[in-house]
Every structure is written in C-alpha cells, then in structure tokens.
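Data first, discussion second: the structure below is written as structure tokens.
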Amino acid sequence: MSVLRNLENRIAGLVEGTFGRVFKSEVRPVEIAHKLAKEMDEHRTVSVSRTYVPNEYTVWLSPDDRERYEGVEHEVIDELSGYLLEHARRERLALISRPKIEFRTDDRLSLGEFGIQARLVRAADGAQAPAAAPAVEPAGHGNTMIYSAADRHQEQLSEVRANRAGRAIIVVDGKRMLVGATGAVLGRSRECDIVVDDANVSRRHAEVRPSPNGWTVADLGSTNGVRVNGRPVRSAPQPLRDGDLVELGTAQVTFEID
C-alpha cells in the first residue's frame, strides 16, 4: 500500500474507527485531503532551482459541517498536514515549513460545501505572499476555491455511465491498464491513475471519463497538448472510440473498449 493511500485510510479511520462513530458530515476528510493537494499543485512558485508551494491552508466549512468535526478536528488536521507533506515529497515540491492547516466557519457556505485558501508564508517574519483574502468573495471568491460534496454524487452517476459505455482500457508501452468506473487522470506524476513516463507529458496531462454517450478525453491544461487520431483536443472533451490513438505530447497511448 502506498504511503499516501495509507494516510488516506488513517484520515478516514480517525472518524470512523478511532472515535467509534459513523462520520455524518457531508464534507469527508479524504475529500478535503484531495482538494488540499489540488490547491498545492495549482499554486506553485518556480525559483531558480526549486518549485515552492503554499505552506498555510485555511479550510472554510459550513456551520453544520464544522460542528460535525467537533472532538476530532485537531487529529484530522494533523493527518491532513502529513498527507500534504508526503504529497510534496513525492512530487519534489519545496515547502518553507511543515504545512499548517486551520479550520474556520463561514455562514455563507451550505452543508456539503467547503472552501480552501492557500498561502505561501515566509517562516522568518510571518509575512504573507500573496496577501490573504476573505473567506468568500464574489467573482471567483478571491483566493479561496469553493468545492462541493456534489462531486461525490457525480462520481456515483459516472459509475452508471461507465457500465453503459463498457470497460475502458488504456494501452501504455504495451501494458493494458483498466480505467476506473469514474475515469482516470493520465500524466507523468506518480499520483495519476495512469502514469505515462515521458518528459514531454505534463504531470497531470489528460483525463478519460465516461459520458452519457460513451467515453471522452479532455486536456487538463497540458503544455504539449492532446490529440486523438491526429486531431487536437481543444476546450471541450473529445469522444473516444475503440482503437483510437491518443497522443499526449509526443507520447502515444491506445484507447480500447473491452
């Protein structure tokens, strides 16, 4: 079992096992962990020799969700910090200090919604760069990204769609890899569902997902683009058919339906 997967299990166990109760919050700890890692990846600062990432994170919860964390909040925060530390180590990202995470309440959030604010803070004097933003602001919420547990329900719908579309397989370097029911992220990062070890492939390059009419592939903002049978994938996801050749930069994979 990978270190990150083990940490995920420990985060869940804090609420469901150690404290002997079923976690009823609409916002699950593992969901927060995944979104914290996403915010870390998306707020990188590249220097001459290192890539720095935020070391302080504020997690904004609705009053009802915050109440459900009572009694386990500090333990969950400790595990979330460890999760980010391991994620940064595996991705070779530089942290000024151990990740610091704080939970706060925002009355404007509904049950199942949560926000994450990421900041890079210098250890010497505590000065912030960039400046902090309020919990929620109009027009993009300032520096805070808002997420919803509705994504989880969308994954359940994706499973139904995947069953209708047939099992998807990605062939990489002669190896046939099964795509999960909710889809798969392809890229150079070891955190991707399907790793394509090629220097011209971005860390998170493309995503294959089920749709009402079959499987699709989308470009996740890669540097060198995605092509299906030579046709560039633009802003909208491109439908995939059995035997399609998918190019991730200069790397090639084959899409199959089993």
Just checking R98: does its CZ atom have more than 12 heavy atoms from other residues, nucleotides or ligands closer to it than 6.0 angstrom?
yes
As an exercise, state the distance from CG of L111 to CD of E67, rounded to the nearest 0.5 Å.
11.0 Å
R241 and N229: side chain to side chain contact (heavy atoms under 4.5 Å, CB included), yes or no, with the steps?
CA-CA 10 Å; R241 294 178 177 82; N229 299 326; over 6 Å; no
In the single-linkage hydrophobic clustering (I, L, V, M, F, W, Y; side-chain heavy atoms under 4.5 Å), do I170 and I257 co-cluster?
yes
What one should report as the nearest heavy-atom pair of L109 and G115 is CD1-N, 4.2 Å
What do the steps show when you test E191 against R204 for salt bridge (Lys or Arg N to Asp or Glu O under 4.0 Å), and what is the final call?
CA-CA 9 Å; E191 298 304 308; R204 289 171 54 88; over 6 Å; no
For residues G183 and W215, report the shortest heavy-atom separation together with the two atoms involved.
CA-CZ3, 4.2 Å
By side-chain hydrogen bond (donor to acceptor under 3.5 Å, both in side chains) - contacts of N224 (at least two apart):
none
Sub-4.5 Å side-chain heavy-atom contact between L61 and R68:
no
Side chain to side chain donor-acceptor pair (under 3.5 Å) partner of S189, chosen from E91, H205, R203, R90
E91
Counting distance only, does the side-chain N/O of D64 pair as donor-acceptor with the main-chain N or O of S110 below 3.5 Å?
no
Using the rule that two of Ile, Leu, Val, Met, Phe, Trp, Tyr join whenever any of their side-chain heavy atoms come within less than 4.5 Å, decide whether I169 and I194 are in one cluster.
no
Separation between CD (E56) and CD (E102), nearest 0.5 Å, reads 8.5 Å
Within-4.5 Å side-chain heavy-atom neighbours: S81 and P99:
yes
Nearest 0.5 Å please: distance from the NE2 atom of H87 over to the CG atom of D41.
3.5 Å
Mind listing the closest non-hydrogen atom pair of E113 and R108 along with its distance?
OE1-O, 4.5 Å
Which distance, rounded to the nearest 0.5 Å, do you find between the CG of L84 and the CG of N55?
10.5 Å
Go through the steps for V246 and V226 under the test side chain to side chain contact (heavy atoms under 4.5 Å, CB included), then give the verdict.
CA-CA 7 Å; V246 181; V226 179; 4.1 Å; yes
Which pair of non-hydrogen atoms, one from G225 and one from S222, has the smallest distance, and what is that distance?
N-OG, 3.0 Å
For a salt bridge (Lys or Arg N to Asp or Glu O under 4.0 Å) check, start with the C-alpha distance between D197 and R190, then their side-chain angles and the critical distance, and finish with the verdict.
CA-CA 9 Å; D197 193 8; R190 298 299 168 184; 3.6 Å; yes
Shortest non-hydrogen contact from S202 to T223?
OG-N, 3.0 Å
Could you go step by step and tell me if Y83 and L36 meet the side chain to side chain contact (heavy atoms under 4.5 Å, CB included) rule?
CA-CA 9 Å; Y83 183 89; L36 283 169; 6.0 Å; no
How long is the gap from CD on Q252 to CG on D173, to the nearest 0.5 Å?
10.5 Å
Distance in Å, L120 CG paired with L95 CG, rounded so as to fall on 0.5 Å steps
9.0 Å
Shortest non-hydrogen contact from A251 to V196?
CB-CG1, 3.9 Å
Would you say L220 ends up clustered with V172 if hydrophobic residues are merged whenever their side chains have heavy atoms under 4.5 Å apart, either directly or through other cluster members?
no
Please work out whether the ring planes of F103 and Y69 are parallel, tilted or perpendicular, with thresholds of 30° and 60°.
perpendicular
Side chains of F114 and I32 in contact at under 4.5 Å (non-hydrogen atoms):
yes
side-chain contact (heavy atoms from CB on, under 4.5 Å) partners of Q238, counting only residues at least two apart:
V217, V228, R231, V233
Is it true that V185 and V208 fall in one hydrophobic cluster, defined by side-chain heavy atoms closer than 4.5 Å?
no
Show the numbers, then the answer: is there a side chain to side chain contact (heavy atoms under 4.5 Å, CB included) between I96 and V121?
CA-CA 8 Å; I96 294 177; V121 181; over 6 Å; no
Under 4.5 Å between side-chain heavy atoms, counting indirect links through other Ile/Leu/Val/Met/Phe/Trp/Tyr residues: same cluster for L80 and V72 or not?
yes
